[in-house]
2 protein chains.
Amino acid sequence: MTRNGVKLAYISNDAAKNVTYKKRKKGLVKKMSELSTLCGIEACAIIYPSTCDSHPKVWPSAVTAHRMLSHFKMLSVVERSNRTMAQERLVRQRIAHADEKVKKLCENNHRKEITQVNLDRVPNSHIPPWLETESN
Amino acid sequence: MTRNGVKLAYISNDAAKNVTYKKRKKGLVKKMSELSTLCGIEACAIIYPSTCDSHPKVWPSAVTAHRMLSHFKMLSVVERSNRTMAQERLVRQRIAHADEKVKKLCENNHRKEITQVNLDRVPNSHIPPWLETESN
DNA sequence: GCTCCTATGCTTAGGGC
DNA sequence: GGCCCTAAGCATAGGAG
């Protein structure tokens, strides 16, 4: 019996693997259909045994899977473009912010320059004449 | 607590439905990843809540789903053509069998015709002359 | 909405045939 | 390979905060 917790590792023994595969695939499909029923959702699953001897299991049907795939692809295109647009907006915002910063910095610099010029000039012009000779 | 077996019916209460949806989706994804690990398979699932407020859940990833979908589509084209070819073979076989039957029937008929002609002729020619007048 | 809890039922590994 | 059984472990409904 299943005395210890399942070891979540690849089953190398083919027979055992196949048994587990069948049992768990069945359980999985049951769970999917239950979720589908309980919550009124559309769902599909594609399961490819790596050993290609067995066909891929498609639930609930190939037709549904195809339909959902198309829908999903369309949706992802839309989402991708949305994401792209969102990113573009983000970048534009950043650029705008950066521009704003640059502008402010320029203004600041300009103000400082002017101030500095004044400072450079004013102090000199404000040095009392009696000190001018002393400093030299 | 879950005293009685789950009633497998659509949950109309939105809050309860959402709770169930989240719990069971989580469980489902866990089961899928376990199956994937244990049996070394590729699998993907797409789950669309019918209430479009929530994004579709794609497991394990959109990229994987896309890849598997392409593969699946290709495969189904191949399988479809295989099926078509198999059907064509089958139809051809049936035609061949039918032809064979027709041929045999024709041969039989021909043989019967000949035999009949002989029967038609022979008995007449074998009717004793003393009876020929009686039958009329 | 959420996290955490826990009783209960479901799933399933292992084994027999 | 299949089917059936059982014990153990797991998932989860319902509730509390």
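Counted by atom type alone, A:Lys17 and A:Tyr10 present one or more donor-acceptor pairs between their side chains at under 3.5 Å.
No engagement by A:Ala16 is indicated, since no non-hydrogen atom pair under 4.0 Å with the nucleic acid exists. Among the protein residues, A:Lys26 comes within range of no part of the nucleic acid, since none of its heavy atoms lies under 4.0 Å from any strand.
The NZ-P distance, from B:Lys25 to D:dA11, rounds to 16 Å in whole Å. Across the protein-nucleic acid pair, B:Leu35 atom CG and D:dA11 atom C1' stand 17 Å apart, rounded to whole Å. Computed from coordinates, the A:Lys23 NZ to D:dG2 C1' distance equals 12 Å when rounded to whole Å. At whole-Å resolution of the value, OH in A:Tyr21 and C1' in C:dT11 are 18 Å apart. Look at NZ on B:Lys7: it is 15 Å from C1' on C:dC10, rounded to the nearest Å. Between the NZ atom of A:Lys17 and the C1' atom of C:dA13 there is a distance of 17 Å, given to the nearest Å. One can place NZ of A:Lys31 at 4 Å from P of D:dT12, the figure rounded to the nearest angstrom. D:dC10 atom C1' lies 15 Å from atom CG of B:Leu28, rounded to whole Å.
Partners of B:Thr37 by side chain to side chain donor-acceptor pair (under 3.5 Å), not counting sequence neighbours: none found. With sequence neighbours left out, the side chain to side chain donor-acceptor pair (under 3.5 Å) criterion links B:Ser12 to no other residue.
Of the candidates C:dG1, D:dG1, D:dA13, C:dG1 carries the atom nearest the B:Asn18 side chain, counting heavy atoms from C-beta on. Among the nucleotides D:dG1, C:dT11, D:dA13, the one closest to any side-chain atom of B:Arg24 is D:dA13.
No donor-acceptor pair under 3.5 Å is formed between the side chain of A:Ser36 and the backbone N or O of A:Glu42.
Residue B:Lys22 places none of its side-chain N or O atoms closer than 4.0 Å to OP1 or OP2 of D:dT12.
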